Asker: 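The structure's right below; bear with me while I get my questions together.
Fair warning: this is a prediction, and the values are worked out from it, not measured in the lab. These numbers come from the heavy atoms of this one structure, side chains and all, not from hydrogens, waters or symmetry mates. Proteins get letters first, then strands, A, B, ... in listed order; numbering begins at 1 in each.
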Amino acid sequence: AQSVTQPDIHITVSEGASLELRCNYSYGATPYLFWYVQSPGQGLQLLLKYFSGDTLVQGIKGFEAEFKRSQSSFNLRKPSVHWSDAAEYFCAVGGTGGGNKLTFGTGTQLKVEL
Amino acid sequence: DTAVSQTPKYLVTQMGNDKSIKCEQNLGHDTMYWYKQDSKKFLKIMFSYNNKELIINETVPNRFSPKSPDKAHLNLHINSLELGDSAVYFCASSQVQGVSEQFFGPGTRLTVL
């Protein structure tokens with residue numbers, strides 16, 4: 001069964017500081033990996049995705065993530081956080097077959113101190 | 001134009017009632033989904049439809065019945081509502097070929113009193 005672990009429930013960073021959100025996955029085949037962001041009262045917006053190829057993927061809003069197969073990880077990074085980045089971040093894993101099912105992690109809530 | 005829309009945004013109702021949530025996507029996608037997000041923000045897939053055909057049914061109580069009149073719409077009907085049904089329900093859609101990103105609606109916050 002596929003699963004995602006986001007070990008940090010809450011993270012607080014200062015505006016302008018760098019950010020790394022951790023994501024570990026379990027999947028029996030080649031994983032398709034996603035990071036979504038959810039602002040309060042909003043739906044989920046895709047930040048970036050990894051399907052294949054270059055293991056460092058760039059996304060919107062200055063975010064990037066690196067796929068490390070040996071560590072089963074797909075950590076999200078941003079070099080300089082803005083106050084507007086405060087939100088809930090979800091990592092998700094999926095794969096071929098089974099109707100494109102995504103399994104989400106429990107999310108990391110990011111707070112940004114001004 | 002909104003890509004994936006849901007109505008209503010908020011739904012407050014009494015236990016035992018029956019209610020429906022509607023979802024529409026204008027992206028031309030073949031696959032649509034319903035997710036439930038509980039009070040701890042945990043997101044879990046409930047159903048998936050591909051071209052009006054049920055693909056995924058994740059052991060959801062049969063009080064929940066999805067209906068897809070066409071591939072642009074996926075509605076969720078809930079019978080005999082229970083307190084534990086209180087959650088935010090998200091509709092999503094994606095292209096059908098292989099695994100692709102899913103586009104989410106704004107959510108419907110259901111509160112059962």
Asker: Pick one of side chain, backbone, both or neither for B/E58, based on which atoms fall under 4.5 Å of a heavy atom in chain A.
Answerer: side chain

Asker: I need the contact set between residues 75-90 of chain A and chain B: heavy-atom distance under 4.5 Å, sorted by residue number.
Answerer: A/E88, A/F90

Asker: With clusters defined by side-chain heavy atoms of hydrophobic residues (ILVMFWY) lying less than 4.5 Å apart, directly or transitively, does A/L47 cluster with A/F67?
Answerer: yes

Asker: Determine whether B/I45 and A/Y36 fall in the same hydrophobic cluster, where Ile, Leu, Val, Met, Phe, Trp and Tyr are linked whenever their side-chain heavy atoms lie under 4.5 Å apart.
Answerer: yes

Asker: Please give me the minimum heavy-atom distance between B/F42 and A/T106, naming the atom from each residue.
Answerer: CD1-CG2, 3.9 Å

Asker: May I ask you to test the B/Y33-A/L102 pair for a side-chain heavy-atom distance under 4.5 Å?
Answerer: no

Asker: Should B/W34 and B/V60 be regarded as members of a common hydrophobic cluster, given that ILVMFWY residues are connected when their side-chain heavy atoms come within less than 4.5 Å of each other, either directly or indirectly?
Answerer: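 Linked within one cluster.
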
Asker: Is it the backbone or the side chain of B/K9 that comes under 4.5 Å from a heavy atom of chain A, or both, or neither?
Answerer: side chain

Asker: Which bit of A/Q38 is near chain B, if near means a heavy-atom gap under 4.5 Å: side chain, backbone, both or neither?
Answerer: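 Contact with chain B involves the side chain of A/Q38 alone.
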
Asker: Would A/Y32 and B/Y35 show up in the same hydrophobic cluster when neighbours are defined by side-chain heavy atoms closer than 4.5 Å?
Answerer: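 The answer is yes; both residues are in one hydrophobic cluster.
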
Asker: Would one find more than 12 heavy atoms of other residues, nucleotides or ligands at under 6.0 Å from atom CD1 of A/I9?
Answerer: no

Asker: Decide whether B/F64 and B/M15 are clustered together by the hydrophobic rule: side chain heavy atoms of Ile, Leu, Val, Met, Phe, Trp, Tyr closer than 4.5 Å, transitively.
Answerer: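 B/F64 and B/M15: one cluster.
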
Asker: Between atom CG of A/L48 and atom CD of B/E101, what is the distance when rounded to the nearest 0.5 Å?
Answerer: 10.5 Å

Asker: Quick check: under 4.5 Å, non-hydrogen atoms only, which of residues 12-24 of chain A neighbour chain B?
Answerer: none

Asker: Which atoms of A/L46 come close to chain B, meaning under 4.5 Å heavy atom to heavy atom: side chain ones, backbone ones, both, or neither?
Answerer: side chain

Asker: What are the residues of residues 57-66 of chain A, in order of number, with any heavy atom under 4.5 angstrom from a heavy atom of chain B?
Answerer: none

Asker: Any idea which heavy atoms bring A/L44 and B/F104 closest together, and the distance?
Answerer: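 In terms of heavy atoms, the two residues are closest at O-CB, 3.6 Å.
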
Asker: Is any residue of residues 105-113 of chain B within less than 4.5 Å of chain A by heavy atoms, and which ones?
Answerer: B/G105, B/P106

